[in-house]
2 protein chains.
Amino acid sequence: MSGTVIRVLIADDHASVRAGLLLLLGMAGDIEVVGEAADGALAVAQERALRPDVVLMDARMPGVDGVEATRRIVANAGADVLMLTTFDLDEIVFGALKAGAAGFLLKTVEPQDLFTAIRRVAAGDGVVAPEVTRQVLRRFAAAPEPGPEARPAYAHDLTPRETDVLVALGQGKSNAQIAQEFVISLATVKSHVSSVLAKTGTSSRMQAAIEARRVGLV
Amino acid sequence: MSGTVIRVLIADDHASVRAGLLLLLGMAGDIEVVGEAADGALAVAQERALRPDVVLMDARMPGVDGVEATRRIVANAGADVLMLTTFDLDEIVFGALKAGAAGFLLKTVEPQDLFTAIRRVAAGDGVVAPEVTRQVLRRFAAAPEPGPEARPAYAHDLTPRETDVLVALGQGKSNAQIAQEFVISLATVKSHVSSVLAKTGTSSRMQAAIEARRVGLV
DNA sequence: GGGGCCATCCCCCTTAAGTTGGAGGACGCG
DNA sequence: CGCGTCCTCCAACTTAAGGGGGATGGCCCC
């Protein structure tokens, strides 16, 4: 953002930590600490006033915590936030990432790695501590599909038209609405719905709709 | 897994790439290449036969591709898979991660970083190339909640019983099933359903069910 | 050119869903 | 206590859903 020097705002409730980071970052050469904040509310205010490139944010702070502060800064299209915390608790990690943090590091990080991380975040990249990357990947892999099963085996048996109907079912449409959408008669829709129910192994349009959504047809 | 030496299987359809990786990994000292595979199907078979600690998997391969091979290896509780690819296309990245890959690197990676990545994956950590970490974080932040809105305004108006019913609706249950579940009469269920439809602004149990799922009531 | 698959439509029937309008009992609160 | 809210239930009605047949025409492939 600012050419060669990266402007950083430090947010941590412990004065000693701020002082330590201040000294440490001063050794980097291409990093300039432009401000400090002792809590989340101050961090948000300082970010708006100082327009830093990166905010080094502690997760645990009195009042408005780091996660909430991150959410506000990101919502305001502000600086990139690098969350720096002592604990890799799921709650904090995922809270921070959902809040839109650009990076997540543990305070056990080596100085060189911290510098690298700040530079990467400033460049628009993301950074996640190796120790927590695994948690993130696991969550990522787990989120979309519950497990090894869950694949639409029936998908191969459904005719194109039936698939259309199943999608419409997933959208909560009535037979009449489906008939209108595809310009066919109500009787035809019923035929297709019956086929879909049989092939998907469901016994009501409700369950079929849930199936359709579960497998991502909607 | 194997004490001090990390056993690696290389899967890539280009013989020259395999040869290059073989030479490169030989320089690491603590890494031993125990096998090679030219396509996904072979990779899965080799993994089962050789039981490596880490599989270096190319994403693009003829026949069974790297993503599908990864899915099969992970489903079988096999080795950790480190995906190595030329392109950081969303499709490949998210496909690999959803398949359960433990890491994702670009082929532009520096040898030292590749060694480090292999060691981390072998240690059970996750690794994601800095260039793609940002994509992952963005997806992560976007996935859970569509946006600032989407909160159930009507949730405050729903009585406890009505909420029960809405949840049941979201599970695709019929009025009769709901009556049985809560040990009330069918008539009562109908009353509650009507109230729920009115308060949620929906006009059919289908739409109410979708609403219930959308706001996370199920 | 005959068979199979698909999409379309029809009739009849049973059951579920949803509406309307009411009514009684339990509980809490001023 | 009186009032309001909630939960419970009922009856009667209209509409939608779903099953069980059966029929037609188009299309593709052997």
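In what follows, chains carry the letters A, B, and so on, assigned in the order in which the sequence lines appear, proteins first and then strands, with residues in each chain numbered from 1. All figures in this text were calculated on a predicted structure; none of them were measured in a lab. Only heavy atoms go into these numbers, but all of them, side chains included; no hydrogens, no water, no symmetry mates.
Distances shorter than 4.0 Å separate none of the side-chain N or O atoms of A:Arg161 from OP1 or OP2 on C:dC6. Between A:Asn175 and D:dA17 there is a side-chain N or O to OP1 or OP2 distance below 4.0 Å. At the phosphate of D:dC9, neither OP1 nor OP2 sits under 4.0 Å from any side-chain N or O atom of B:His192. The shortest distance between the side-chain N/O atoms of A:Ser174 and the OP1/OP2 oxygens of D:dA16 is not below 4.0 Å. For the OP1/OP2 pair of D:dC10 and a distance below 4.0 Å, the side-chain nitrogens and oxygens of B:Ser185 include at least one atom meeting the criterion. At the phosphate of C:dT8, neither OP1 nor OP2 sits under 4.0 Å from any side-chain N or O atom of A:Thr188.
Taking atom CG of residue A:Leu169 and atom C1' of nucleotide D:dA16, one finds them 13 Å apart after rounding to whole Å. The distance between atom CZ of B:Phe182 and atom P of D:dT8, rounded to the nearest whole Å, is 10 Å. Taking atom CE of A:Met206 as the reference point, atom P of D:dA17 lies 12 Å away to the nearest angstrom. What separates CG of A:Asp164 from C1' of C:dT8 is a distance of 14 Å, to the nearest Å. For A:Gln207 and C:dA16, the CD to C1' distance is 13 Å, given to the nearest whole Å. In this structure, the CD atom of B:Glu181 is 17 Å from the C1' atom of D:dC7, given to the nearest Å. Taking atom CD1 of residue A:Ile184 and atom P of nucleotide C:dC6, one finds them 16 Å apart after rounding to whole Å.
To the nearest 0.5 angstrom, A:Gln207 atom CD is 12.0 Å from A:Arg214 atom CZ. A distance of 10.5 Å separates CD in A:Gln46 from CD1 in A:Ile73, rounded to the nearest 0.5 Å. Here the straight-line distance linking atom CG of B:Leu84 with atom CD1 of B:Ile10 works out to 9.5 Å at 0.5 Å rounding.
Salt-bridge annotation for A:Asp12 and A:Lys107: present, with a side-chain N of the basic residue lying under 4.0 Å from a carboxylate O of the acidic one.
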Going 5' to 3' along nucleotides 19-30 of chain D, which nucleotides have protein heavy atoms under 4.0 Å from the base (write B), which only from the sugar-phosphate (write S), and which from neither (write -)? S-----------
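Position along DNA chain D of the nearest nucleotide to B:Glu162 versus B:Leu186 favours B:Glu162 as the more 5'-ward residue.
B:Arg18 is not listed as a side-chain neighbour of B:Leu21, based on a closest heavy-atom distance of 4.5 Å or more. You'll find the side chain of A:Val54 stays beyond 4.5 Å of the side chain of A:Leu9, heavy atoms only.
Side-chain atoms of A:Thr188 and A:Ser185 form a donor-acceptor pair, as typed in the model, at a separation below 3.5 Å.
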